[in-house]
Amino acid sequence: MRKPIDGGSQKFIAVTAVFLLLASLDVVRADFTEAQDQKGAGEYLKYCADCHGAKLQGSAHGSELAGPGFLGRWGNRPIGEFIALISETMSGGIPRSSRKSVHLNITAFILGSNGAVAGKKALKTDTGQPIGAAVGGKSVVAKEAESEQWEGAASIADAARKASGFVNREIKEFSPVTQQMLAQPDAADWLSWRRTLDGHGFSPLTQVTRENVDELRLAWVLTMRDGSNQPTPLVHDGIMYLTHPQNVIQALDAATGDLIWEYANEYEQGSQTLGGPTRTIAIYQDKIFMATYDAAIVAIDARTGRQLWKTFKADWNRGFTHTSGPTIADGVVVSGINGCERYKQEGCFITGHDPDTGKELWRTSTIALPGDPNSTSWGDMPVELRAGSDTWIPGSYDPDLKLFFIGTAQAKPWVAASRGMSPLDAALYTNSTLALDPHSGKIKWYYQHIPGETLDMEVGFERVLVDLDGGRQMVTIGKDGILWKLDAASGAFVDYVETLPQNIFEPLDRKTGRIKYRQDIIDAKIGDAVKACPGIYGGHNWQAAAYYPKNHSLIIPLHQLCVEMIGREVQMTEGRGGYGGESTVFPMPGSNGMLGKLVAYDLETMKKKWDIEQRAMFLTSALTTAGGLVFIGDLDRYFKAFDVDTGRELWKVRLGAGLHGFPVSYAVDGDQYIAVPTGMGVFKLLTAKQAPEIYQPNGGNALYVFKLPKES
């Protein structure tokens, strides 16, 4: 009888067999060199990672470039065809003299990231080798994604600060911020994202008026860190707290721009998403609170810039991250999270934290899980395949109702067929307004604006609380351009109106508030092309509307764009998923090429009061002031002021780069200031293609601050 082989011998024989098998095979060498691959790695991070992700995993602004989804689309197509595509669609920021070599190097890096082995032949634009043959059906990055190891190279975020030699100073006189101050700020301060917790984006300052706004002059300007620049400066007692890309906060003298202290969160490079916007921070007591790239909340001493505590909410290696900050709701630090496009057991959520210790007080899922009465709205989808419902924008808080309001994004993947569902499956609590108890996290009421969303048309932006018709109401607007009005206490539907022509839904029923997709959208399968207006960039996007309480006007920035969306197959396994859609954006028919629109609506009547159309898209939020003005910035580097009653343009100034982020107004020693950030982010790829004649310089991240000249 044959003697049994022991375990060690079995392992030796197996390894030897594999070695002999590999030795007998010729390794497939792709048509690119190792030098091209190495150069392409750095160039990819510089020009592509903002939209396609540091690990090529894709984002809302760019498709995945590694893994089964990528190989499924490109495996049988020649490398040269892929090079031609990126030559047409890539960032215009690449110097013309090196554009060809950069495209080739980045392609080599993408091939290498998918498992291709470099050869001796340099990659050329007409290379006919199929991508699938080059990579041999393997994908290094795909394997990483399956195990969800999204690590990036370590980064010391505060290296520049240390190299500068600047020494932080302390703010000697500081008055702690109370919840009452947040609810009713001093007119000189800007204490929350939209100044007040009700989301108005309105300043009560009156020094700058319709009559003298054309006298505004530059008071100071500050260059900012590189990255997608969408900040909201906070101002308290003459001190400005300014967020930069790269998770940096600076305390500045708000009258002069002099730096007092700087804080830089240390994070791993791979945790950053979409170019790294940090849209908002919060101030409370003597602390500044920031939600970080690496899925944590940090508290910083407002006087010194010293980190007091850091609490991780989730594992950034699993894709979790932040783009916006917390809201202080009755003394609780409340915030949502992003990074829920990949399938995982733990989906998106909202948390409440203790401001003194960072201890997590509660956690509320934004996806209906088993045990929740709305779990069946996901059909028979297992927990790990329920994705999306991110929170991209901070919430609002009503101290009288004691409710925290926030909007959630759509389900992921974007197209219902790609996620194995139908638009008739509601998929709660996606695309909803949630009203939460800030002390327990309990959902007091919800209202789903678009059940079963299937075109990346989220309604996840600002929630504005207003007193109308004798009661408290909440208004919001999403990418579809539909302006909603709900009862803030109960969530009951009150009214809605189309601010732009839309062909996504059947005619709106203003009595019930329920919407229904047109039939071909409901019936669309994977691979079917669906055209819709507005498109995935809006309509309305993160550029927030502003309220003017004197005449109940809401001033709304809009984009007149449409989309063709095609759903793609995704792997329905944990660690995969993603956005699963390909989109082509085009101008809205009938807009005559006017991509930007600013519109004012009377919230009592839901009737339009005035509108403005222009070629350049408006890319900042709106800011209203008691001087009868609305300020807003655009792609063509103009910062403008309009009469809030009529829409008449009263002033404009051209700055160094396209305007981006959230302008604010504040006062120091009786002088009113208007501040606005510049510097583009991932929107640059869209705007460069839709309005190529508008020059967009590279870089240009800065904060510009204006004031009236001193009287002589």
Enquirer: Between Thr620 and Gly633, is there a donor-acceptor pair closer than 3.5 Å when you use the side chain of the first and the backbone of the second?
Expert: yes
Enquirer: When you measure from the side chain of Thr391 to the backbone of Ile337, do you find a donor-acceptor pair of N or O atoms at a distance under 3.5 Å?
Expert: yes
Enquirer: Using only atom types and a distance under 3.5 Å, with no angle test, would you say the side chain of His540 pairs donor to acceptor with the backbone of Pro557?
Expert: yes
Enquirer: Determine yes or no for a side-chain-to-main-chain donor-acceptor pair under 3.5 angstrom, with Tyr601 supplying the side chain and Ile556 the backbone.
Expert: no
Enquirer: Let me confirm one number: the CG-CD distance from Asp198 to Glu462, rounded to the nearest 0.5 Å.
Expert: 12.5 Å
Enquirer: Could you walk me through whether Trp190 and Ile283 pass side-chain contact (heavy atoms from CB on, under 4.5 Å), step by step?
Expert: CA-CA 10 Å; Trp190 194 283; Ile283 185 170; over 6 Å; no
Enquirer: What's the verdict on side-chain contact (heavy atoms from CB on, under 4.5 Å) for Met181 and His236, showing C-alpha distance, side-chain angles and the deciding distance?
Expert: CA-CA 10 Å; Met181 291 165 66; His236 176 51; 3.6 Å; yes
Enquirer: Could you walk me through whether Ser175 and Asp237 satisfy the side chain to side chain donor-acceptor pair (under 3.5 Å) test, starting with their C-alpha distance in whole Å, then the side-chain angles of each, then the deciding distance to 0.1 Å, before giving a yes or no?
Expert: CA-CA 8 Å; Ser175 55; Asp237 287 348; 2.4 Å; yes
Enquirer: Could you walk me through whether Phe166 and Trp261 pass ring-ring contact (aromatic ring centres under 6.0 Å, His included), step by step?
Expert: CA-CA 9 Å; Phe166 178 84; Trp261 59 251; over 10 Å; no
Enquirer: Could you tell me which non-hydrogen atom of Leu659 sits nearest to which non-hydrogen atom of Phe639, and how far apart they are?
Expert: CD2-CB, 3.5 Å
Enquirer: Between Thr209 (side chain only) and Gly627 (backbone N and O only), is there a donor and an acceptor less than 3.5 Å apart?
Expert: no
Enquirer: The test is side chain to side chain donor-acceptor pair (under 3.5 Å); show your working for Thr311 and Glu360 and say whether it passes.
Expert: CA-CA 8 Å; Thr311 300; Glu360 184 177 308; over 6 Å; no
Enquirer: Are Leu558 and Leu500 side-chain neighbours, meaning at least one heavy-atom pair lies under 4.5 Å?
Expert: yes
Enquirer: With a sphere of 6.0 Å drawn around NZ of Lys310, does it hold more than 12 non-hydrogen atoms of other residues, nucleotides or ligands?
Expert: yes
Enquirer: Assess whether a salt bridge exists between Asp671 and Lys710, defined as any Lys/Arg side-chain N lying under 4.0 Å from an Asp/Glu carboxylate O.
Expert: yes
Enquirer: Are Arg472 and Asp398 ion-paired here, with the side-chain N under 4.0 Å from a carboxylate O?
Expert: yes
Enquirer: Hey, would you say the Tyr666 and Tyr673 ring centroids sit under 6.0 Å apart?
Expert: yes
Enquirer: Tell me, do Phe461 and Lys479 make a side-chain contact under 4.5 Å, heavy atoms counted?
Expert: yes
Enquirer: If only atom types and distance count, is the side chain of Gln672 paired as donor or acceptor with the main-chain N or O of Gln207 below 3.5 Å?
Expert: yes
Enquirer: Under the criterion side-chain hydrogen bond (donor to acceptor under 3.5 Å, both in side chains), which of Thr278, Asn338, Thr273, Thr280 is the partner of Thr323?
Expert: Asn338
Enquirer: Hey, can you tell me if His552 and Tyr547 have their rings parallel, tilted or perpendicular (30° and 60° cut-offs)?
Expert: tilted
Enquirer: Just by distance, do the side chain of Arg463 and the backbone of Pro394 share a donor-acceptor pair under 3.5 Å?
Expert: no
Enquirer: Please step through side chain to side chain donor-acceptor pair (under 3.5 Å) for the pair Lys313 and Ser335, ending with a clear verdict.
Expert: CA-CA 10 Å; Lys313 294 165 58 175; Ser335 62; 2.8 Å; yes
Enquirer: Taking it one step at a time, do Thr624 and Val630 satisfy side-chain contact (heavy atoms from CB on, under 4.5 Å)?
Expert: CA-CA 4 Å; Thr624 54; Val630 55; 4.2 Å; yes
Enquirer: When the aromatic ring centroids of Phe662 and Trp542 are compared, is their separation below 6.0 Å?
Expert: yes
Enquirer: Keeping Arg194 on the side-chain end and Ala545 on the backbone end, is there a donor-acceptor pair under 3.5 Å?
Expert: yes
Enquirer: Taking NZ, NE, NH1 and NH2 as the nitrogens, is one of them in Glu262 or Arg225 under 4.0 Å from a carboxylate oxygen of the other?
Expert: yes
Enquirer: On the 0 to 90° scale, with breaks at 30° and 60°, tag the Phe202-Tyr548 ring pair as parallel, tilted or perpendicular.
Expert: perpendicular
Enquirer: Are the side chain of Asp330 and the backbone N or O of His439 linked by a donor-acceptor pair below 3.5 Å?
Expert: no
Enquirer: For the pair Gln230 (side chain) and Arg279 (backbone), establish whether a donor and an acceptor sit closer than 3.5 Å, ignoring hydrogens and angles.
Expert: no
Enquirer: Looking only at heavy atoms, which two atoms of His559 and Gln543 are closest? And how far apart?
Expert: NE2-OE1, 3.3 Å
Enquirer: What's the verdict on side-chain contact (heavy atoms from CB on, under 4.5 Å) for Ile300 and Ile281, showing C-alpha distance, side-chain angles and the deciding distance?
Expert: CA-CA 11 Å; Ile300 303 132; Ile281 51 178; over 6 Å; no
Enquirer: For the pair Thr178 and Gln180, evaluate side chain to side chain donor-acceptor pair (under 3.5 Å) and give the outcome as yes or no after the intermediate values.
Expert: CA-CA 5 Å; Thr178 65; Gln180 179 61 32; over 6 Å; no
